[in-house]
Amino acid sequence: MAKRKIRVLFAAFEAVPFMKTGGLGDVAGSLPQALLETGIELRVMLPKFRTIPEKYRKKMTHVTDFNVSLGWRNLYCGVDKLRHKGVIYYFIDNEYYFDRDRPYGYFDDGERMAFFSKAIVESLQYLPGFTCDVLHCNDWHTALAPVFLREFYQGIPLYENVKAVMTVHNLKFQGRMSDYVLGDILGLSDNPAAAAQLRSGYGTVNFMQGGLCYSDVLTTVSPTYAEEIKDPFYGEHMEGIFRRRSDILHGILNGIDTEHFDPASETDLPANFTASDRSGKAACKAAVQRELGLIEDPDVPLIVMIGRLTSQKGLDLVRHVLGELLTHPIQLAVLGTGDAEYENLVKDYALGSGGKMSAQIRFDEALSHRMYAGADMLLMPSLFEPCGLAQMIAMRYGTLPVVRETGGLKDSVIPYNKYTGEGTGFCFADYNAHTMMFTLLAAADLYRNDPGAWNKLMDNAMAQDFSWARAARDYAAIYEQLHPERKRTV
Ligand code: ADP
């Protein structure tokens, strides 16, 4: 067999700049480019959502179309193609499933994800010039693809050498559906072995579990989370599978897009700054204080929270001490959307705070950059955190993270050591509201009283390398292990 590059199809439900609701969008938007640089031939597959900006939609070209069977259904599936920043993207086109206002949150999400997963596998025989070696799936939205691959396509020669890699970005979301789905949508009710691997608990079909059982390699997005999920506290009832398959489970810490998040060059920031000349950061802080209706004061530490307002992100700890925290000389600005109880909580406190707190309840990418750039600290007291990107982004802007030591937060933030001055942020271990508050207040004290130590921490934080190159090398090594006959060519 002639030597050629390993070919990987990377399938996800969201990817920047086409669709983003959270960290998965960031990862799927930037890891592929880094993977190409390792000598892998890689293409990305996404749904063709209505909300993809028109400037991209109009550049897409039609590649092929075919029908996909899903239970008793026989469905149209188009594939469009777009080259963006050197990466080839395929978009799965079915208006019934994807021509909607948002990516998730519909009564038929199970059917939509099953369709997408089946379409991915079916498409492998229709992509000109691309014979897939590795199918890399991400989270529950694509977790059925390895199941379909083995149960419906295994005997077809083209599919025999396709290996499946499944990455867990967040185990909390598993795609648990009624048992009815097994026959009506998946077409697997007559297959007891498949049913046994897909069922989790009485009357429930679990898409994520299917992916975990059928994939050749499992990865998750930080080494610590890869260990944690073998434990019932973090395992979300999948811990048994992770323990059983621990020899094929890898934890690879995510990176961030260091061009997209770059205080030195972004044109939309009030001022730019670098690690060696941070004077522009003061202008960013003043501007964001003004923009958010906070008292404009360079001396008061500005703490930001940017992310989903859910219990995962530690909002229960915040709720418990928010009133008390606001009696101290700090400012808090929250940007996020999520559960109504937390949205209302932060809005209520912001209203009565007299310019000490601001709550922005929306998704606003540009504002998030201004907040990362203008803040002194980022609070991220997560109950669990598979990787977390916000803390890495914050460090890139010299904004010191205050985090609970869990998952990727533990792997990416070096705790401040007051004896050596080492560290890139502040950490606490207990899931306890006052422990969080005292850690924050100690950090705020350091900010006010020891600018030398604070500046050293900012130097350390800004010197961290969170680019994707390291993670990409680790993923490429996994692909290579699955296909030792295909060496990379760079
Ligand atoms: P998640 O668990 O949601 O994936 P991550 O920290 O891994 O959390 O990634 C969240 C990403 O989404 C970060 O890039 C963060 O800046 C961004 N983000 C989250 N909420 C908002 C928001 N309301 N506005 C702008 N960006 C947001």
Side-chain angles (χ1 to χ4, degrees), residues 9 11-13 45-47 66-79 92-98 100 103-126 132 135-156 158-160 162-168 170-216 218 236-238 240-241 245:
L9 187 72
F13 215 65
M45 191 160 268
L46 301 166
F66 44 82
N67 277 18
V68 171
S69 68
L70 201 63
W72 50 267
R73 300 162 192 77
N74 192 24
L75 300 154
Y76 169 84
C77 178
V79 180
I92 294 290
D93 182 19
N94 177 298
E95 293 192 354
Y96 173 68
Y97 290 126
F98 302 134
R100 304 191 189 184
Y104 314 103
Y106 295 97
F107 75 98
D108 59 348
D109 275 357
E111 185 179 325
R112 298 169 70 230
M113 307 305 170
F115 168 76
F116 184 52
S117 300
K118 193 84 179 275
I120 292 163
V121 185
E122 180 75 24
S123 76
L124 296 184
Q125 50 197 310
Y126 300 104
C132 178
L135 177 58
H136 189 155
C137 301
N138 293 279
D139 273 352
W140 76 272
H141 328 114
T142 49
L144 286 178
V147 178
F148 291 137
L149 175 70
R150 298 292 171 238
E151 294 298 352
F152 292 98
Y153 298 83
Q154 186 60 50
I156 306 171
L158 181 90
Y159 288 88
E160 256 165 22
V162 180
K163 303 286 186 199
V165 174
M166 163 95 194
T167 297
V168 176
N170 194 336
L171 197 54
K172 187 85 186 164
F173 306 107
Q174 299 186 354
R176 293 192 185 91
M177 307 291 154
S178 128
D179 207 48
Y180 170 75
V181 164
L182 195 64
D184 187 75
I185 295 175
L186 310 192
L188 286 168
S189 52
D190 297 336
N191 183 333
Q197 296 187 80
L198 283 158
R199 281 201 177 111
S200 68
Y202 181 75
T204 307
V205 167
N206 186 320
F207 288 15
M208 173 76 95
Q209 180 177 306
L212 298 179
C213 290
Y214 278 78
S215 297
D216 299 289
L218 304 177
E236 304 285 347
H237 304 290
M238 297 293 117
I241 300 175
R245 308 203 73 196

Within the 3.5 Å criterion, strictly below it, is a donor on Tyr153 or Gln125 matched to an acceptor on the partner's side chain? no

Is it true that the side chains of His136 and Thr167 contain a donor and an acceptor less than 3.5 Å apart?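 Their side chains do contain a donor-acceptor pair, which is all the 3.5 Å distance test asks for.
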
Would you find a donor on one side and an acceptor on the other, under 3.5 Å apart, between the side chain of [X] and the backbone of [Y]?
{"X": "Arg245", "Y": "Leu212", "result": "yes"}
{"X": "Arg176", "Y": "Met208", "result": "no"}
{"X": "Arg199", "Y": "Leu182", "result": "no"}
{"X": "Asn94", "Y": "Tyr76", "result": "yes"}
{"X": "Asn74", "Y": "Asn67", "result": "no"}
{"X": "Asp108", "Y": "Glu111", "result": "no"}
{"X": "Arg150", "Y": "Val147", "result": "no"}

Quick check: are there more than 12 heavy atoms from other residues, nucleotides or ligands sitting under 6.0 Å from OH of Tyr106?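 Atom OH in Tyr106 is packed in, count exceeds 12.
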
Please determine which of Leu135, Ile156, Val121 meets the side chain to side chain contact (heavy atoms under 4.5 Å, CB included) test together with Val162. Leu135

Begin from the C-alpha positions of Leu144 and Leu186 and carry the test side-chain contact (heavy atoms from CB on, under 4.5 Å) through to its verdict. CA-CA 9 Å; Leu144 286 178; Leu186 310 192; 3.5 Å; yes

Using the six-membered ring of Tyr96, assess whether NZ or CZ of Arg100 lies under 6.0 Å from its centre and within 45 degrees of the ring axis. yes

[X] and [Y]: which non-hydrogen atoms are nearest, and at how many Å?
{"X": "Leu124", "Y": "Cys132", "value": "CD2-CB, 3.8 Å"}
{"X": "Ile241", "Y": "Cys213", "value": "CD1-SG, 3.9 Å"}
{"X": "Phe115", "Y": "Cys77", "value": "CZ-CB, 4.0 Å"}
{"X": "Asn138", "Y": "Ala11", "value": "ND2-O, 2.9 Å"}
{"X": "Met166", "Y": "Gly211", "value": "SD-CA, 4.1 Å"}

Is any side-chain heavy atom of [X] closer than 4.5 Å to a side-chain heavy atom of [Y]?
{"X": "Ser123", "Y": "Met45", "result": "yes"}
{"X": "Ser178", "Y": "Val205", "result": "no"}
{"X": "Asp216", "Y": "Val165", "result": "no"}
{"X": "Asn206", "Y": "Met238", "result": "yes"}
{"X": "Pro146", "Y": "Cys137", "result": "yes"}
{"X": "Gln209", "Y": "His237", "result": "no"}
{"X": "Met113", "Y": "Phe207", "result": "yes"}
{"X": "Val79", "Y": "Ile92", "result": "yes"}

For Arg112, salt bridge (charged side-chain N to carboxylate O under 4.0 Å, His left out) partners two or more places apart: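 Arg112 satisfies salt bridge (charged side-chain N to carboxylate O under 4.0 Å, His left out) with Asp109 once adjacent residues are dropped.
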
Taking it one step at a time, do Arg73 and Ile185 satisfy side-chain contact (heavy atoms from CB on, under 4.5 Å)? CA-CA 8 Å; Arg73 300 162 192 77; Ile185 295 175; 3.8 Å; yes

Less than 4.0 angstrom from a charged side-chain N to a carboxylate O is my criterion; do Lys172 and Asp139 meet it? no

Measuring centre to centre across the rings, with the benzene-like ring taken for any Trp, is Phe173 within less than 6.0 Å of His141?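 No; His141 has its ring centre 6.0 Å or more from that of Phe173.
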
Is the ring pair Phe13/Phe116 parallel, tilted or perpendicular, if the boundaries are 30 and 60 degrees? perpendicular

Residue set satisfying ring pair (Phe, Tyr, Trp, His ring centres under 6.0 Å) with Phe66, at least two apart, ordered chain then number -> Tyr126

Distance in Å, Lys163 NZ paired with Ser215 OG, rounded so as to fall on 0.5 Å steps: 12.0 Å

To the closest 0.5 Å, what do you measure between OH (Tyr97) and CG (Leu70)? 5.5 Å

Apply the test side-chain contact (heavy atoms from CB on, under 4.5 Å) to residues Glu151 and Leu188: give CA-CA distance (whole Å), side-chain angles for both, the deciding distance (0.1 Å), then the verdict. CA-CA 8 Å; Glu151 294 298 352; Leu188 286 168; 3.9 Å; yes

Show your working on side-chain contact (heavy atoms from CB on, under 4.5 Å) between Ile120 and Lys118 and close with a plain yes or no. CA-CA 5 Å; Ile120 292 163; Lys118 193 84 179 275; over 6 Å; no

